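Bear in mind that the values here come from a model prediction, so they are computed numbers and not experimental data. Lettering of chains follows the sequences in order, A, B, ..., and the numbering in each one begins at 1.
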Number of protein chains: 2
Amino acid sequence: MATGRTHRPATRSRGIPEATVARLPLYLRALTALSERSVPTVSSEELAAAAGVNSAKLRKDFSYLGSYGTRGVGYDVEYLVYQISRELGLTQDWPVVIVGIGNLGAALANYGGFASRGFRVAALIDADPAMAGKPVAGIPVQHSDDLEKIIQDNGVSIGVIATPAGAAQAVCDRLVAAGVTSILNFAPTVLTVPDGVDVRKVDLSIELQILAFHEQRKAGEEAAHSDGTGPAAVTREESDASADQGPDGDVPAVMPA
Amino acid sequence: MATGRTHRPATRSRGIPEATVARLPLYLRALTALSERSVPTVSSEELAAAAGVNSAKLRKDFSYLGSYGTRGVGYDVEYLVYQISRELGLTQDWPVVIVGIGNLGAALANYGGFASRGFRVAALIDADPAMAGKPVAGIPVQHSDDLEKIIQDNGVSIGVIATPAGAAQAVCDRLVAAGVTSILNFAPTVLTVPDGVDVRKVDLSIELQILAFHEQRKAGEEAAHSDGTGPAAVTREESDASADQGPDGDVPAVMPA
DNA sequence: CCATCTTTGTGCACGCGTTCACAAAGACAT
DNA sequence: ATGTCTTTGTGAACGCGTGCACAAAGATGG
């Protein structure tokens, strides 16, 4: 998973465990697919398979929301879609601003999955004056000088940061000061925020490194009981591994340099 | 966190807990920054603050790697950078292919943070014949017909999927059959893979939904002991929340529709 | 060489998350 | 109405992850 929550000591918000909340969107997606195929009901076993989780876990997750199933039958798909949507707050309209309209910011702005989930791109903001007014995904980019006004005028409470790492904390501070209380951070930096503000981060670089770890382990085990030539084992010189790597990416894990 | 591992029942690979592995890249980033500032040593307290974690947790994490610190002094920055890099397998060269060169795929291809971590974009692959030969980030896009040959010729073991959801499983199957054993999935689908293959997923839509949940909770609590007007509480009609949402995004959470 | 001070490395306890296994609940047939 | 069969909802056990608190280790100064 390319995510990792920052802060928040796993507070059980209103009785629903954090781990369960993180899986609800997964269930919702599977249920939406079933709904489109006009499937009326689904068992915990089937739905769990579709979502890629253990069926007991799924049942326990749902039990935190209430008793929405029928024993001997399963769950009503439409009803469950509604209940989960409501629980996640997707029956509300959530205006979102994206700050930093580089390659990634543009990709995010173009994402069509926002609207269908109650998320609406209220504004695109960039620090580059040359970008101002230029439409991206049909929305004109606004200059960051107007950040506070944009947040307040649109009642934005969720901000997406897709700026270079160097600018992220400053942008974050301004977003928070202007009233944003939830932040999705794509910049490769640890953001510091006051209590009451949620930060989630997405970092491709970290995900790849985790994969590399397991990949190395697999190659090592394989080499242990066969020959030693790994798949692409062009081992780099080991003694200067730390010396030759450039500055830590100053841009989000997904932006061009 | 925009990430979530799929599969893998938290196997303690070679004694290093999964949770620790997930934090190593974080430490590495903080250490690299210190290294650039020519800081020779750092205490667990300082480094923990920079990485945004508890210092006891950091020390315990490092203890799984070995005793690399000096009591009364701290950790040697350069040495630790090297040890973590080696542990994560970043002293190797990891050729990576990106499949699906849409808006997101292009953003990934342009990401400069690859090379500095031992990752090298070996090829860009897309199913659209019109894309073939067109250079993206200086690398010519190749047609997916040649996928297997590209994987094998380059000894690729890590694949990135940035295709629409509908194509993801098929692409995944072909990647795995061709020898890929680690996959980073940006498509909003649950991928099924054989044992021995690692999948990590990045899903913006899920991250936003998790933020929305907490945001709603915060607004609710606030309303409970003040007035009822939330920040942007334009509540949508509740009865048809499930009916009016379009088909589940058939494209990665970050691609244009 | 000894005392003091700093910082690591870790034993221990606690809590969350996962999974098993089963009793309770309801559908359905007769 | 009664019995059977399916599937939910959950009690309980277990294991992992976290954080406290402290002993061990080493640096530093006299």
S.K.: Tell me, which pairs form a salt bridge (charged side-chain N to carboxylate O under 4.0 Å, His left out) where one or both residues lie in residues 158-167 of chain B, sequence neighbours left out?
M.R.: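 As it turns out, there is no salt bridge (charged side-chain N to carboxylate O under 4.0 Å, His left out) pair with a partner in residues 158-167 of chain B once direct neighbours are skipped.
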
S.K.: Can you tell me which residue pairs pass the ring pair (Phe, Tyr, Trp, His ring centres under 6.0 Å) test with a partner in residues 42-63 of chain A, sequence neighbours excluded?
M.R.: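 Sorted pair list: Tyr27(A)-Phe62(A), Phe62(A)-Tyr75(A).
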
S.K.: Could you tell me which residues satisfy side chain to side chain contact (heavy atoms under 4.5 Å, CB included) with Ala48(A), sequence neighbours excluded, listed by chain and number?
M.R.: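 Applying side chain to side chain contact (heavy atoms under 4.5 Å, CB included) to Ala48(A) gives Val53(A), Ser55(A), Leu58(A).
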
S.K.: Take atom NZ of Lys57(B) and atom P of dG11(C), then tell me their distance rounded to the nearest Å.
M.R.: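 For the pair Lys57(B) NZ and dG11(C) P, the rounded distance is 19 Å.
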
S.K.: Could I get the full list of side chain to side chain contact (heavy atoms under 4.5 Å, CB included) partners for Ser182(B), not counting sequence neighbours?
M.R.: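 Scan of Ser182(B) (side chain to side chain contact (heavy atoms under 4.5 Å, CB included), adjacent residues dropped) gives Leu211(A), Glu215(A), Lys218(A), Ile158(B), Asp198(B).
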
S.K.: Among pairs that include at least one residue of residues 188-212 of chain A, which meet ring pair (Phe, Tyr, Trp, His ring centres under 6.0 Å), considering only residues two or more places apart or in two chains?
M.R.: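 As it turns out, there is no ring pair (Phe, Tyr, Trp, His ring centres under 6.0 Å) pair with a partner in residues 188-212 of chain A once direct neighbours are skipped.
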
S.K.: For the helix from dC1(C)-dG30(D) to dT30(C)-dA1(D), figure out the bend between the end axes, five pairs an end, and round to 10 degrees.
M.R.: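 Overall, the helix from dC1(C)-dG30(D) to dT30(C)-dA1(D) bends by 10° from one end axis to the other.
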
S.K.: Sugar-phosphate means primed atoms, P, OP1 and OP2; the rest is base. With that split, encode nucleotides 4-11 of chain D 5' to 3' as B, S or - using protein heavy atoms under 4.0 Å.
M.R.: --BBBBBB

S.K.: Tell me the salt bridge (charged side-chain N to carboxylate O under 4.0 Å, His left out) pairs involving residues 51-60 of chain A, sequence neighbours left out?
M.R.: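 Of all non-adjacent pairs touching residues 51-60 of chain A, none passes salt bridge (charged side-chain N to carboxylate O under 4.0 Å, His left out).
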
S.K.: List the residues meeting side chain to side chain contact (heavy atoms under 4.5 Å, CB included) with Gln169(B), not counting sequence neighbours, and say none if there are none.
M.R.: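 Checked Gln169(B) against side chain to side chain contact (heavy atoms under 4.5 Å, CB included); matches are Cys172(B), Asp173(B), Leu191(B), Thr192(B).
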
S.K.: Less than 3.5 Å apart, any donor N or O on the side chain of Ser205(A) or Gln209(A) sitting next to an acceptor on the other?
M.R.: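 Note: Ser205(A) and Gln209(A) side chains meet the donor-acceptor criterion.
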
S.K.: For dG17(D), take OP1 and OP2 only and decide whether either is under 4.0 Å from a side-chain N or O of Asn54(B).
M.R.: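 For dG17(D), OP1/OP2 do not have a side-chain N/O of Asn54(B) under 4.0 Å.
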
